[in-house]
Amino acid sequence: MNVDAIKTVSVLGLGTMGHGIAQNFAVAGYEVYCFDQVADARDSLVERVRANLLQLEEAEFLPPGAVDTILARIRVVSTEAEAVGAADFVTEAVAEDLQVKQELFARLEADVRPETILASNSSSFPITQTASLMKHPERAILTHYFNPPHIVPVVEVVPGENTSEETTCTTHQFLLNIGKKAIRINKEIPGFLVNRVQTAMYREVWDLFDQGVASAEDIDEAIRGSMGMRLAAVGPLKVNDFAGLDINVITYKLMIQHMRGDKEVPDKMQQLVDEGNFGVKTGKGIYDYTSKSVQDETACRDQKYLALVKLFHTSADDNQ
Ligand SMILES: NC(=O)c1ccc[n+]([C@@H]2O[C@H](COP(=O)([O-])OP(=O)(O)OC[C@H]3O[C@@H](n4cnc5c(N)ncnc54)[C@H](O)[C@@H]3O)[C@@H](O)[C@H]2O)c1
């Protein structure tokens with residue numbers, strides 16, 4: 001299907017990710033049919049998206065008065081079949097359960113038109129596996145968003161072994177058209193691209209924390225104010241070019257011998273989980289939170305993310 005043929009889209013699963021993904025499409029001008037198997041998720045969708053949109057309006061990402069027009073494009077429906085029947089492009093953001101996703105993709109084939117593209121937002125399952133029960137897996141693709149998906153620009157587009165080139169090109173272009181920075185991943189590997197790099201960094205950061213090399217606050221500040229800002233500005237490979245590859249070879253050889261290299265979960269991370277401290281969702285992780293502080297910190301975090309998104313688009317334009 002040509003990208004211009006996409007007129008109507010559908011989002012299944014309206015939780016943390018799904019509601020923001022639906023919002024992206026509505027902001028870009030598409031009618032979005034939305035379904036979640038839980039009534040509360042359906043009933044609360046419009047208000048959750050409204051809150052996000054008001055934040056975007058305040059940050060001048062949206063013109064004043066656009067919120068209601070955007071919300072009018074969101075159609076919450078009460079069955080899966082109704083959600084996907086008219087859709088040219090379906091995105092699922094349901095639970096991270098392989099069997100649930102496999103059965104969903106197989107079931108959707110009966111309800112959608114032959115050319116409809118089916119995209120999964122799975123964080124971990126390759127689309128080849130998710131689409132394994134489908135008769136036409138060439139229409140299935142992975143589009144991996146990052147939380148919060150209505151703010152973070154990048155979406156990884158990962159075709160599977162059986163995804164057609166047409167599906168991949170159309171999906172990639174469609175996501176570019178709706179304003180995302182769609183990145184085509186050429187090889188279907190676990191963790192795709194971003195989560196692999198992130199996990200490599202987490203391993204070292206948690207190890208430093210385990211060793212007591214610095215406090216949690218100091219680790220966060222050190223990375224934010226050095227590596228973090230450089231990564232946001234130019235990206236990890238270009239940072240190397242600016243540093244000088246000759247210097248990099250020397251430091252890499254020296255450092256790599258001292259880096260954590262095993263596959264165990266870092267001690268403190270496991271301990272916090274064993275104690276039931278999962279982070280903001282339980283009120284305690286590495287730091288302590290109250291429900292008020294979570295609200296305030298989330299709003300503050302999103303403001304910072306939005307400021308970075310503005311900078312990201314500036315630097316992306318500079319590079320063109
Ligand atoms: N949370 C993240 O940071 C993140 C980032 C990238 C990708 N993902 C992926 O996105 C997907 C959704 O994650 P989430 O964090 O939004 O989860 P979530 O639990 O917040 O939301 C999932 C929603 O899907 C609904 N649901 C479950 N099964 C369903 C079905 N069969 N049909 C319709 N609705 C169904 C649930 O009721 C729930 O509202 C997962 O595959 C996850 O791996 C999550």
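Treat the numbers as computed from the prediction; the structure is a model and nothing was measured. Both counts, for ligands and for their atoms, begin at 1 and track the order of listing.
At a 4.0 Å cut-off, at least one heavy atom of N121 sits close enough to ligand 1 to count as contact. Within the structure, the closest approach of E92 to ligand 1 does not fall below 4.0 Å when heavy atoms are considered. Contact analysis leaves E80 out of contact with ligand 1, as no non-hydrogen atom separation drops below 4.0 angstrom.
Between the side chain of T116 and the backbone N or O of A87 there is at least one donor-acceptor pair closer than 3.5 Å. When atom types are taken as modelled, the side chain of T199 and the backbone of N195 share a donor-acceptor pair closer than 3.5 angstrom. E156 contributes a side-chain N or O that, together with a main-chain N or O of V194, makes up a donor-acceptor pair within less than 3.5 Å.
Between Y30 and F174, the ring centre distance stays below 6.0 Å.
Listed by number with element, the atoms of ligand 1 under 4.0 Å from a non-hydrogen atom of H144 are 6 (C), 7 (C). Residue-ligand proximity, A95 to ligand 1, at heavy-atom distances under 4.0 Å covers atoms 27 (C), 28 (N). Interface of K101 with ligand 1, defined as ligand atoms under 4.0 Å from a residue heavy atom, comprises 40 (C), 41 (O). Listed by atom number, the atoms of ligand 1 under 4.0 Å from V38 heavy atoms are 37 (O).
Atom 10 (O) of ligand 1 is flagged as protein-proximal [any protein heavy atom, distance under 4.0 Å]. Less than 4.0 angstrom separates atom 19 (O) of ligand 1 from none of the non-hydrogen atoms of the protein.
Here the protein heavy atom with the shortest distance to atom 30 (C) of ligand 1 is Q37 OE1, 3.4 Å. Among protein heavy atoms, the minimum distance from atom 32 (N) of ligand 1 is reached at V94 CG1, 3.7 Å. When hydrogens are left out, the protein atom nearest atom 3 (O) of ligand 1 is N147 CB, 3.4 Å; that is the closest non-hydrogen contact. Nearest to atom 41 (O) of ligand 1 among the protein's heavy atoms is E96 OE1, 2.5 Å. Nearest protein heavy-atom contact of atom 6 (C) of ligand 1 is Y145 O, 3.2 Å. Among all non-hydrogen protein atoms, the one lying nearest atom 23 (C) of ligand 1 is D36 OD2, 3.5 Å. In terms of protein heavy-atom proximity, atom 8 (N) of ligand 1 is closest to S123 OG, 3.1 Å. Protein heavy atom in closest approach to atom 13 (O) of ligand 1: M17 CG, 4.0 Å.
Any N or O atom pair closer than 3.5 Å counts here, and T16 shares at least one such pair with ligand 1.
Inspection of the D274 and Q270 side chains reveals an N or O donor paired with an N or O acceptor under 3.5 Å. Remark: the N162 side chain and the H136 side chain contain no N/O donor-acceptor pair separated by less than 3.5 Å. S122 and E96 form a side-chain donor-acceptor contact under 3.5 Å, judged by distance and modelled atom types alone.
Atom CZ of R230 and atom NZ of K238 lie 14.5 Å apart (nearest 0.5 Å).
Of the listed residues (V94, N147, T91, V11), just one forms a side-chain contact (heavy atoms from CB on, under 4.5 Å) with M17, and that residue is N147. For the side-chain contact (heavy atoms from CB on, under 4.5 Å) test with L12, the passing option among L104, N121, L118 is L104; the others fail.
Taking only non-hydrogen atoms, the option from C34, A93, S44, S120 nearest to atom 22 (C) of ligand 1 is A93.
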Would S164 and T167 count as a side-chain hydrogen bond (donor to acceptor under 3.5 Å, both in side chains) here? Give the steps.
CA-CA 5 Å; S164 70; T167 297; 2.9 Å; yes
